[in-house]
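Have a look at the structure below, then the notes.
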Amino acid sequence: FNTEQFGQHILKNPQVAQTIVEKANLKPTDVVLEVGPGTGNLTVKILEQAKHVTAVEMDPRMAAELTKRVQGKPEQRKLDIIIGDFVKADLPYFDVCISNTPYQISSPLIFRLLSHRPLPRVCILMFQREFALRLVAKSGSTLWSRLSANVQLYAKVDYLMHVGKNNFRPAPKVESSVVRVAPRDPPPPVRFEEFDGLGRILFSRRNKTVHGNFMAKGVIPMLEKNWRTYCSETNQMVEDSVDMKVEIEKVLEETGNAENRAAKMDVDDLLKLLYAFHEVGIHFA
Ligand code: SAM
C-alpha cells in the first residue's frame with residue numbers, strides 16, 4: 001500500500017473532522033457507512049453520535065489501527081470493519097454515508113451510493129475540489145457537465161466547505177471540498193443508462209447544438225441499432241422505411257431543442273427530451 005496510490009492522506013485537523021460529522025445531522029438511531037476510515041479520525045466522532053458504523057477499509061494495516069483505537073471502549077460493539085475494496089464489497093443497510101475516500105474512486109463512490117437501495121438519507125463526502133465543483137455546477141455555468149447532470153438527476157447536491165491541503169498528513173497535491181448529497185426519494189423513474197446515453201451524445205461537445213451532436217459520426221447508426229433491439233424486444237415489426245435521421249430531427253424540432261446546447265440545458269430539459277425520444281421508440285442504451 002502506498003500513499004499516492006491509495007490516497008492515504010489522513011485528516012489531521014479535528015475541527016474539520018468534527019464539522020464534517022456535524023453536517024450529517026446524525027440521529028442516535030442512525031446506521032452509518034464510512035468508506036476508507038483510515039486511522040479513524042472521522043470514525044470516532046461518528047461513533048459518538050450514531051447507533052452503528054460499518055467502515056469499509058482496503059488497507060488491513062489501517063483497519064488494525066482503527067480496531068486498536070476502539071478496543072475495550074463502549075464504542076467497540078457499535079463498529080464493524082469490512083476489510084476490502086469498497087467498489088466490490090457487499091454493502092449493509094445504512095441511513096447515512098460519511099466519507100473521506102481516495103479521490104481515485106470518486107465517481108464509482110457517488111454512483112454506487114445513488115444506486116444503493118434503500119436509498120441513504122444523506123451522504124457527506126469529501127472530494128477533490130474540482131470534482132466537488134462539477135457535482136454542484138448549475139446549467140449555464142462553465143463546470144456544468146455530464147457528471148453534474150447525472151448526479152443531479154438523482155440527488156440534491158450542496159457545497160459545504162473548502163478544506164485546504166494542510167489539514168491532511170501527508171499534505172496532498174490537490175485542494176479538497178465537502179459536499180452534501182441528498183438522494184431524491186423516490187428517484188425519478190428513468191434508467192440511468194438511458195439518461196447517461198443521451199448525455200454522452202449532448203455533452204460530447206457541450207457548446208455545440210443538440211442537432212449538431214446528433215449528426216456526429218456514429219450516433220445515428222447506434223440509435224438505429226438500439227431501435228432494432230427495442231423493436232424485437234417489444235415484438236414490433238422493424239419497418240425498413242424508417243429513416244432515423246428524419247425521426248431524430250422530428251423530435252428535436254417538435255420539442256424545440258434542435259438549436260439548444262447541453263451547456264445551457266438543465267436536468268429537466270434533458271429529461272423532457274429523453275421522454276420525447278422514448279415516445280417514438282428511440283432509446284440510448
Ligand atoms: N477517512 C480517513 C481520514 O479522513 O483521515 C482516511 C482518509 S484517506 C484519504 C483514504 C482511506 O481510504 C485510506 O485509509 C485508504 O487505505 C482507504 N482506501 C483506499 N482505497 C479504498 C477502497 N477502494 N475501498 C476502501 N478503502 C479504500
Side-chain angles (χ1 to χ4, degrees), residues 1-24 26 30-50 52-71 75 78-94 96-116 120 122-132 135 160-181:
F1 287 88
N2 134 326
T3 305
E4 277 317 311
Q5 195 181 354
F6 293 96
Q8 291 177 328
H9 301 279
I10 298 302
L11 185 57
K12 66 170 190 193
N13 183 335
Q15 193 48 56
V16 174
Q18 188 65 36
T19 308
I20 290 175
V21 176
E22 274 164 16
K23 294 290 183 188
L26 290 173
D30 276 337
V31 173
V32 177
L33 174 74
E34 189 190 355
V35 182
T39 55
N41 289 345
L42 285 169
T43 325
V44 291
K45 297 196 187 299
I46 303 168
L47 284 166
E48 284 172 12
Q49 298 188 24
H52 190 270
V53 177
T54 299
V56 184
E57 171 57 60
M58 189 142 122
D59 183 345
R61 295 169 314 171
M62 290 284 185
E65 227 176 292
L66 175 55
T67 305
K68 220 166 61 192
R69 198 162 169 179
V70 296
Q71 217 152 43
E75 291 81 53
K78 295 210 269 180
L79 175 66
D80 280 330
I81 305 177
I82 298 177
I83 300 176
D85 182 351
F86 164 77
V87 176
K88 297 178 195 142
D90 286 329
L91 300 182
Y93 171 89
F94 58 98
V96 173
C97 176
I98 299 177
S99 133
N100 167 28
T101 340
Y103 300 152
Q104 290 92 319
I105 66 165
S106 298
S107 249
L109 171 69
I110 193 151
F111 289 111
R112 190 152 192 221
L113 294 174
L114 291 175
S115 58
H116 190 76
V122 72
C123 306
I124 307 294
L125 310 170
M126 176 121 73
F127 291 118
Q128 180 171 339
R129 184 175 163 76
E130 289 75 9
F131 187 88
L135 292 184
L160 295 180
M161 64 172 168
H162 172 84
V163 183
K165 306 171 185 185
N166 294 329
N167 294 294
F168 301 90
R169 192 182 344 248
K173 294 194 187 80
V174 299
E175 298 289 328
S176 302
S177 298
V178 181
V179 297
R180 179 198 294 113
V181 177

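As the structure lists them, so they are numbered: ligands from 1, and atoms in each ligand from 1. Please read all numbers here as calculations on a predicted model, not as lab measurements.
- When only interatomic distances are considered, the shortest N/O to N/O separation between Leu42 and ligand 1 does not fall below 3.5 Å.
- Among all heavy-atom pairs drawn from Lys78 and His52, the shortest one is O-CD2, 3.1 Å.
- The backbone N or O of Ile98 sits nowhere less than 3.5 Å from a side-chain atom of Glu34 that would complete a donor-acceptor pair.
- Numbered from 1 in the order shown, with element, the atoms of ligand 1 that lie under 4.0 Å from a heavy atom of Pro102 read 10 (C), 12 (O), 18 (N), 19 (C), 20 (N).
- Here is the list of ligand 1 atoms found below 4.0 Å of a heavy atom in Gly7: 8 (S), 9 (C), 10 (C).
- Of the polar atoms of Asn100, at least one N or O is found under 3.5 Å from an N or O of ligand 1, judged by distance alone.
- Proximity to Asp85 (heavy-atom distance under 4.0 Å) selects the following atoms of ligand 1: 22 (C), 23 (N), 24 (N).
- Residues forming a salt bridge (Lys or Arg N to Asp or Glu O under 4.0 Å) with Arg69 (at least two apart in sequence, or on another chain): none.
- Side chain of Asp85 to backbone of Val87: a donor-acceptor contact under 3.5 angstrom is found.
- Between the side chains of Glu65 and Thr39, no donor N or O sits under 3.5 Å from an acceptor N or O.
- Taking every heavy atom of both residues into account, Pro102 and Gly7 meet most closely at CB-CA, 3.9 Å.
- Atom 15 (C) of ligand 1 has its nearest heavy-atom neighbour, among Glu57, Glu34, Met126, in Glu57.
- Under the 4.5 Å side-chain criterion, counting only non-hydrogen atoms from C-beta, Arg169 is not in contact with His9.
- Counting atoms of ligand 1 from 1 in the listed order, those under 4.0 Å from a heavy atom of Gly38 are 6 (C), 14 (O).
- In this structure, Val87 does not count as a contact residue of ligand 1, since none of its heavy atoms falls inside 4.0 Å of the ligand.
- Within the model, atoms CD1 of Ile124 and CE of Met161 stand 9.0 Å from one another, a figure rounded to the nearest 0.5 Å.
- In terms of polar-atom proximity, defined here as any N/O pair under 3.5 Å, His9 makes no such contact with ligand 1.
- In this structure, Gly84 has a heavy atom closer than 4.0 Å to ligand 1.
- Remark: ligand 1 atoms within the under-4.0 Å shell around heavy atoms of Asp59 are 16 (O).
- Of the candidates Ile105, Ile20, Val16, Val56, it is Val56 that places a heavy atom closest to atom 25 (C) of ligand 1.
- Contacts with ligand 1 closer than 4.0 Å are made by backbone heavy atoms (N, CA, C, O) of Pro37 only, the side chain lying farther away.
- Nearest heavy-atom pair across Asp90 and Arg112 is CA-NH2, 4.5 Å.
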